[in-house]
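Reading through the structure tokens given below for one structure.
All values reported here derive from a predicted model rather than from experimental measurement. Chain A is the first sequence line, chain B the second, and so forth, proteins listed ahead of strands; every chain is numbered from 1.
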Amino acid sequence: MQIASVIVDVPTKQTDRAFDYFIPEQWRGVIQPGMRVIIPFGPRNIQGFVIGLKAESEFKKLREIIAPMDLEPVLNKELLELGNWLTESTLCFKIFAFQVMLPAALKAKYEKKVKLAIGAAVADLPKPLHAFFENDVLLDWEDALKSGIVPLLQKEAAKGHLEVIYMVKERVKKKQQKYIRPAVSLDELIEEIDRIPAKAEKQRQVLRYFIENFNEVELKKLVTDVNTSVSTVKALVEKKLLKEFEMEVYRNPFEHRTFKRTKPLPLTEAQQTAIGPILNALEQNQHEVFLLYGVTGSGKTEIYLQSIQEVIEKGKEAIVLVPEIALTPQMVNRFKGRFGDLVAVLHSGLSAGEKYDEWRKIQRKEVKVAVGARSAIFAPFENLGIMIIDEEHETSYKQEEMPRYHARDVAIERAINHNCPVVLGSATPSLESFARAQKKVYHLLTLPNRMNKQSLPSVEIIDMREELREGNRSMFSRKLFEMLKDRIEKRQQSVLFLNKRGHSSFVMCRDCGYVVNCPNCDISLTYHRVNEQMKCHYCGYESYVPKHCPECNSEYIRYFGTGTQKVEEELGKILPEARVIRMDVDTTGRKGSHERLLTDFKDGKADILLGTQMIAKGLDFPNITLVGVLSADTMLHLPDFRASEKTFQLLTQVSGRAGRHQLPGEVIIQTYTPEHYSIELAGRHDYDLFYQREMMIRKTHHYPPFYYLSLITVSHEQLFTVVSATEKIVSYVRSHVSNEAVVLGPAASPIPRINNRYRYQCLIKYKREPNIIKTLKTILDQYQKDTKSGLQVSIDVNPYILM
DNA sequence: AGCACGCCGACT
DNA sequence: GTCGGCGTGCTC
């Protein structure tokens, strides 16, 4: 077993396979599958992942592994296999599959340096280079480029005076802290204390500290505790009475926070019924997927917490996924509060080093629970007892770059390996999951009521066409304006929600709300400012913007879009007395600002919280009694077959922010299409009916959950080349799928040109195509192999964004 | 992804 | 005649 199969850190088709390396004697038995190694590859040294060991290789002239990068594997057997599964199911390069499972800190950094060759001296070099190589300094290649001395360097390298070296570096260092411990026995210390000179009172104090407390202590703590200086301690170290050493410490992102410990709350009857089957599956070590469907505020989190409690008691581990945007301190508090130090938190707000440390706690089995966004599903636990995905319907669980995986699929794949349950929780389950629950593929658990029997807030839908007709051209309906004013007087708080996704605008009649749709796809056409056209991004249909509305003949037909800043300005005009906090990407950019704004609002420093997406989730403040949605339509007419579903989910989510405590809540939804079922049914809190209506539409238009989708995107600098290549691909696909499948295209991508490359796509809708992955792989192989044609082909299996 | 090898244009 | 442009093909 002296040969290692290695996946190299070069993400191309040609290198997407194992390369064999000889393991030098000194590393035999040390290097294991799942470790990162430094290997020579061509002229440079790069990082690679060992995926297997073997005794022989077909390749004769093997090179040697330079060094391992880990003391123990960073990927265990399960994760290595999961990597293969990811590669297969998402059609990505192996290296991406492995990298996505690890914290970014473990991704290699490469440095190219120039150094004096062995046996060469500075004097051998021409004068201008002397300064660069004094004292054996390594010259950074980047600096060399800037100084314009590369030709000189190359000349000297050719003469053998200089050497180019390639270094593989870690991104993040383990944080070390200095510790002090006694170097002699307790008795000896007591003896020695009398030999300390009388003048050195401080040294005596330090020794006394160790006599009372015969243990290691952090240098800093020692210095403050004894009120002395580092030099005093160093003197004792010199005398060999104490010993200094370094120990790895974790960066603690929660250093200045305390978590109030909570105890399991008594469950309501509904909660008990819901948790039963989960506990049962845990008991039996049985894999099962549960869909926990519970209205906002129905106590899903307590079910998660108590299920995890059970898992921990069984000595197993748990992963909890939360959408990034909802990974607020409030959410973290609930888990830290219940399980304290047994929780690792992984989210984008942490620095690379902090994330790495949290990940290490998991790897070293120091924690039992990982709470985090999408990628936390790869937490390297070895004894998983449960995986929970909260807000299961969130689209952020799908990664939009390689590997294009969905966390839900990964969770289920891992759960099968671990024989453990998966819990998907949502107030508005995705149609895919709910349909599976209906078909008994998933086990449906329901929490139909809010805790403490509060009723869901009353929702009023305001027809903005009516407002316009009556002369109100502002973005606030009279009703919303009145209610905002009322809340300010009553010193209660309001939340205003605006969806700013107005960029890829749709065309709508402001009189009757008519939106121009594609005749083939039942999806709104996207407005393009260039030559005033509207296009369908699914099938390629085009038409001009009508001068008059085809429904009511009004001339107020135009494209749409507004932003939070504009709303804030207008709010300042009509309600100058209102104190407003605006929350969007602009105001929450800096670390911690998100939390600060929310705390300000919670503390009553503002009357109105105005924001986008990010305020839709998790907000749970007692004083919020009014929620206003300024324009429910913005999302509805995006060129996306999930637009209705997303609108329904969002409106339900936002409405859930109101009246979660004693004070009853009210919700105002402003819209130009009040009769649209997703708006109307969100207003009535009727998920079931929404589900039925939407399923019918999905069925007739061959969309998920009735059909699977795969999207092939082709790009090239020349329009003609893209179109003809896409045509070829489309006909290849057509000839390789059953006639049950629908193959659409070639159609221009919703973003028809990126970086001067034209983009075309082919959308495949299918039910049962056992060979589809093979077919798609053949296409990728074909086009990724030849780099000279300049064609780029990418495939998204089960896409969420069809762009 | 890099990098080397290699074959054609504008310069000392 | 040489320096250097970037097209093509390889990396165990």
- [ ] Name the orientation class of the two ring planes belonging to A:F49 and A:F98 (parallel below 30°, tilted from 30 to 60°, perpendicular beyond 60°).
- [x] tilted

Answer yes or no on whether [X] is positioned over the face of [Y], meaning its NZ or CZ is under 6.0 Å from the six-membered ring centre and within 45° of the axis.
X	Y	answer
A:K765	A:Y703	yes
A:R63	A:F22	no
A:R17	A:F19	yes

Calculate the interatomic distance between [X] atom [atom1] and [N] atom [atom2]; express it in whole Å.
X	N	atom1	atom2	result
A:I23	C:dC12	CD1	P	16 Å
A:Q784	C:dG9	CD	P	18 Å
A:F22	C:dT11	CZ	P	20 Å
A:K155	C:dC3	NZ	P	8 Å
A:R63	C:dC10	CZ	P	16 Å
A:R17	C:dC10	CZ	P	11 Å
A:K94	B:dA1	NZ	P	17 Å
A:E142	B:dG2	CD	C1'	13 Å

So, [X] and [Y], do they make that salt bridge, N to O below 4.0 Å?
X	Y	result
A:R642	A:E432	yes
A:R374	A:E324	no
A:E366	A:R360	no
A:D796	A:K398	yes

Open item on the list: How would you summarise protein contacts on nucleotides 3-12 of chain B per nucleotide, using B for base, S for sugar-phosphate only and - for none, with heavy-atom distances below 4.0 Å?
Closed with: S---------

Open item on the list: Please list, in numerical order, the residues of residues 51-61 of chain A that have a heavy atom closer than 4.0 Å to any atom of DNA chain C.
Closed with: A:F59, A:K61

- [ ] Output yes when a side-chain donor or acceptor of A:Y21 lies under 3.5 Å from a complementary backbone atom of A:P40, and no otherwise.
- [x] yes

